[in-house]
Amino acid sequence: MEKGECKKIGIFIIAVFISMCLFFIQVHPLVIWDTDDWLYISYIRKAIPIWHNWNPSRVFPEIFMPMCAYLGIKCIMPITNDYIFSLMIIFGIVLSGFITIYVLSFYNLARKKMRMSIGNAIMVSILFLLLHFLIFRCGENQNTYLFYSPDVTCYFYYVIPSLLNLTLVMILESKELTFNSETKVNWLKVGGWVLLIYLAIFSNLFSSYIISIWAGSKLFYNLIINKKIKNSKNIIYILILCAWIVSAIYELSGGRAENLKDDSFINNVKQTILYLKQMVGKANRFLVLISAIFVLGGIFCFIKKKWNDYEKKNVCINIMCTILSVIFLILLSAKSQSDYIMRGDVLLGVSFFAFIILMININIIIREYKITLVIFPLLIVIAFFEIHSGPRTFAESNVSGIDSIICKNIDEDIIEQIMQAVNEGQEKMELHIPKTPGDNWPFGTYGANRFSYSLYEHGIISRPIETIMIQDVEINIKYGMNYTE
């Protein structure tokens, strides 16, 4: 990479990172809230799949989330002197870092494989990022987006693993991985790649399907369509598929899979398809319009025989990936919970493959008809303000859908109650929490001890304390949290 390009891409990447930090720390911060959040900020598992565990193969999120929380407590809390805010900062920085690397990987793909100029690659990368926020922007507020999750735990279990998988796909796609007897192998570097692929696959089936479907589609194209049997990349694709099959077998042995057994799978599939249709119906009309225009323009160029071999091959592969991803997500959601298919973090992978098809068509059009570049600065500005309709355009990242400030205030009240009980020498305490519908979520009665467990693990209190949760409407009134039966 030349010095001039390094400077331009450096400015671009810093701008992306700062923008994402502002969004995920200030505008829509990741505030721990439900009992899952309170458990997984401190629960650390072994870094290997565990047969019959509740989440047997979810290695990456269950070692990475508590590690990030620990870094926040040890590195940021001494400066802020605020437990919840320190976690908000570290979680926002980590997520922003993953999104930034994801966008940088797309930029490199655009430069190396799509052969875009520096300016065009940056411009298209900006549009690529905006599409993730625009896709489901269909109302004035409470919209979701492809980086959205309903709580902090899901960001580490769905969004971040998906970003890791997608980044690896783009890096592997960009690199020329060829091996022969004369190749000098840096085994330490190979070990780093093995680690990253291992963490990507042993993360979550809703994320790891991304790299496995990509590898399977590449293998199918090489063996069946291109007839390239003696291709060294095929070995990598086969190893990825084998590792993913192992992770799926482990996941089927787990407590969660056992808990999800249902005799009405066919009905669940039908319901999942209906939910998917609803999500397609929520797609932003402006995005649908510009996508249709660029795809039709790409088809016109194809008819005029202006596509190169890379474009033909990769549109074909990404169409396969999109179709297989839709089928897999329908089946997996039907097995897990039908409305999962309506979540942005679940649809991130399949949307990525569709976006790549769109980006290839855009690249063909701007290469063949350079005058079309005139509209792109305006298009990006229109897309940005199509996304933004005010401070509450998007939904808050908590299952109760309440303001993040209220979440933080109630968290601090909970911490104060526990600290007071410990300081007074109590062995058992009543913890007053907000009144919410039912007794299971977001504050599950089974997780009453999770609050003190994490506070103890992080050194906030000197010992854990047995806790009984009491739903108290006075907490709702005190902090302005609306409650409806």
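Any value given below was found using the heavy atoms of this structure, including those in side chains, with hydrogens, waters and symmetry copies removed.
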request  = Start with the C-alpha distance between S208 and W244, add both sets of side-chain angles, then the distance that settles side-chain hydrogen bond (donor to acceptor under 3.5 Å, both in side chains), and finish with yes or no.
outcome  = CA-CA 7 Å; S208 62; W244 185 83; 3.0 Å; yes

task = Output, in order, the C-alpha distance, side-chain angles, deciding distance and verdict of side-chain contact (heavy atoms from CB on, under 4.5 Å) for I160 and F147.
result = CA-CA 9 Å; I160 290 176; F147 301 134; over 6 Å; no

message = Could you go through W33 and F443, starting from their C-alpha distance and side-chain angles, then the distance that decides it, and tell me whether this counts as ring pair (Phe, Tyr, Trp, His ring centres under 6.0 Å)?
response = CA-CA 8 Å; W33 178 240; F443 303 107; 5.0 Å; yes

task = In sequence, state the C-alpha distance, the side-chain angles, and the governing distance for F352 and H132, and then conclude on ring pair (Phe, Tyr, Trp, His ring centres under 6.0 Å).
result = CA-CA 9 Å; F352 165 82; H132 291 73; 7.9 Å; no

task = Test side-chain contact (heavy atoms from CB on, under 4.5 Å) on M65 and I41 and set out the steps.
result = CA-CA 6 Å; M65 183 174 178; I41 56 173; 3.8 Å; yes

ask   = Taking it one step at a time, do E412 and Y83 satisfy side-chain hydrogen bond (donor to acceptor under 3.5 Å, both in side chains)?
value = CA-CA 8 Å; E412 289 171 346; Y83 179 78; over 6 Å; no

task = Given salt bridge (Lys or Arg N to Asp or Glu O under 4.0 Å), test D403 with K408 step by step and report yes or no.
result = CA-CA 9 Å; D403 192 285; K408 184 175 185 295; over 6 Å; no

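Between Y102 and the options F128, F17, F355, a ring-ring contact (aromatic ring centres under 6.0 Å, His included) holds for only F128. Shown are I101, V124, L129; of these, the side-chain contact (heavy atoms from CB on, under 4.5 Å) with F106 is made only by V124. Each of Y40, F156, F24, F64 was checked for a ring-ring contact (aromatic ring centres under 6.0 Å, His included) with F91, and the lone residue meeting it is F156.
Using the six-membered ring where Trp is involved, F98 and F60 have ring planes that are tilted, between 30° and 60° apart. In this structure, H28 and F394 have perpendicular ring planes: the angle between them is above 60°, well past the 30° mark. Between W214 and Y237, the ring planes lie perpendicular to each other; the angle is over 60°, past the 30° to 60° tilted range. Between F451 and W38, the ring planes are tilted. Angles from 30° to 60° get that label.
With respect to D36 and R450, a salt bridge is recorded, a charged nitrogen being found less than 4.0 Å from a carboxylate O. With salt bridges taken as basic N to acidic carboxylate O contacts below 4.0 Å, none links K435 and E474.
Residues satisfying the side chain to side chain donor-acceptor pair (under 3.5 Å) test with N284, not counting sequence neighbours, are E386. Residues forming a salt bridge (charged side-chain N to carboxylate O under 4.0 Å, His left out) with D413 (at least two apart in sequence, or on another chain): K478. Among residues two or more places apart in sequence or in another chain, the salt bridge (charged side-chain N to carboxylate O under 4.0 Å, His left out) test is passed with K428 by E466.
Looking at D345 and Y148, their side chains never come closer than 4.5 Å, going by heavy atoms from C-beta outward. Taking 4.5 Å as the limit, some side-chain heavy atom of Y209 sits within range of a side-chain heavy atom of S325. N398 has its side chain out of reach of L30: every pair of non-hydrogen atoms, C-beta onward, lies at least 4.5 Å apart. You'll find the side chain of V152 stays beyond 4.5 Å of the side chain of S397, heavy atoms only. Contact of the F133 side chain with the N143 side chain is not registered, since no non-hydrogen atoms from C-beta on lie closer than 4.5 Å. Looking at I433 and Q471, their side chains come closer than 4.5 Å, going by heavy atoms from C-beta outward.
For the pair R343 and Y158, the cation sits on the ring face: its NZ or CZ lies under 6.0 Å from the ring centre, inside 45° of the axis.
Within a 6.0 Å sphere centred on CZ of F23, heavy atoms belonging to other residues, nucleotides or ligands number more than 12.
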